[in-house]
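Here the structure is a predicted model, which is why all the values come from computation and not from measurement. Just so you know, ligand 1 is whichever comes first in the structure, and atom 1 is the first atom listed for that ligand.
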Amino acid sequence: MKFISAGESHGKALVGIIEGLPSKLKIDIDEINAYLALRQSGYGRGGRQKIERDTVEILSGVRNLQTLGSPLAFLIKNKDYENWRAYMAPEGCDVTQKALTRVRPGHADLTGMLKYGTDDARNILERASARETAARVAAGTIARQYLRRLGIEVCGYVKSVCGICDNKHYEFEQLSAAKGQPLFMLDNALQDRAVALVDELKAKGDTAGGVVEVRIKGLKSGFGSCMQYSTKLDAILCSALMSVQAVKGVEVGLGFSAAALAGSSVHDEIFYDGKYCRKTNNAGGIEGGMSNGEEIVLRAAVKPIPTLMRGLKTVDTATKQPAKAAGERSDVCAICAAEIILESVAAFALAEVVSSRLGGDTMDEAVSRYNLLG
Ligand code: EPS
């Protein structure tokens, strides 16, 4: 299974193509739209989300709500394009008015300009923008529907916002309640503090990041491989999480904290009770690059958004003079969006791994092969 996306933030639309889906997978378009809406939700989003109402239009690969086995192509229109047609139209437009030269520290602006040989950061930021993640959420929701047929579910929540951290353990079944919450957190008192902190940062023209935990339940053991570095499940899932805009760190299970502990406090001891089992899951469900049948536990650290309304110190690339970085409108905190995106990319990466092992031209074939596994 493969996915490719295209589309600029203020261009006509985002498009995606998924190749390798089996036939006869029922596609729930309402669920795709529900995840797209969740990606737009959350406390601390900026003005752009009042303009967009993301919905998916499937162009090919599906007939009467069932996949055909052919490439699935979809489209998500950018409503904001109507306001940007004069500056973005591929058919010809005025590229001078929306030129951006007061490059933002932490954004792709400056490095991208130098790499792609342009004097306008707009040519870079339009694609680097996290707007592109709407396409990844649509693809990830389709992957979720594939995984669900096998009994595999992906869910997550926000663990911390700008250092306000919830260190409690939650059961998988408790996690979905986070999505009704302002910052997708599960502890009300911590969330109230985090909301107040977002307000405070907004008033100062500043931004916040956080940590997201993504969990995967129902994956049988033996997915991924210890035989070649590139096939290790943890490497594949972490690479997917790392590819999300603003992610600067990922971990599996105990992750970074394992490095400070003795081995006896880290490794999950093995028991046999009719089947092999473990009483702890510090490994986060992956040993030797393979799923071990326990829940997969992944975490991603999301840096604060690099567009600050107060404008960090930078250089205007047009004059080479010191300047305040550009900041027309910005999200203050997009951790809820990041939570949905991280679930989605994990789902897609896992569906790739699972489908490459199971194969199967039809969904029923994939399901029967999965059911044969121990
Ligand atoms: C983004 C800047 C903002 C965000 C955008 C990502 O957009 P604008 O420049 O239009 O105000 O809202 O994210 C989205 C549009 C989205 O749908 O997530 C950036 O610079 O990365």
**Q.** Under 4.0 Å from ligand 1 - residues by heavy atom, chain and number
**A.** His10, Arg39, Arg45, Arg48, Gln49, Arg104, His107, Ser129, Ala130, Arg131, Arg329, Asp331
Q | Arg136 and Gln245 side chains, donor-acceptor separation under 3.5 Å | A | yes
**Q.** Short side-chain donor-acceptor distance under 3.5 Å, Arg127 and Ser5
**A.** yes
Q) Would you say the side-chain atoms of Gln40 and Glu52 include a donor-acceptor pair closer than 3.5 Å? A) no
Q) Going by atom types alone, do Asn83 and Asp80 pair a side-chain donor with an acceptor below 3.5 Å? A) yes
Q: Could you tell me which residues satisfy side-chain hydrogen bond (donor to acceptor under 3.5 Å, both in side chains) with Glu153, sequence neighbours excluded, listed by chain and number?
A: Arg148
Q. With ring centroids as reference points, do Phe271 and Tyr276 lie under 6.0 angstrom apart?
A. no
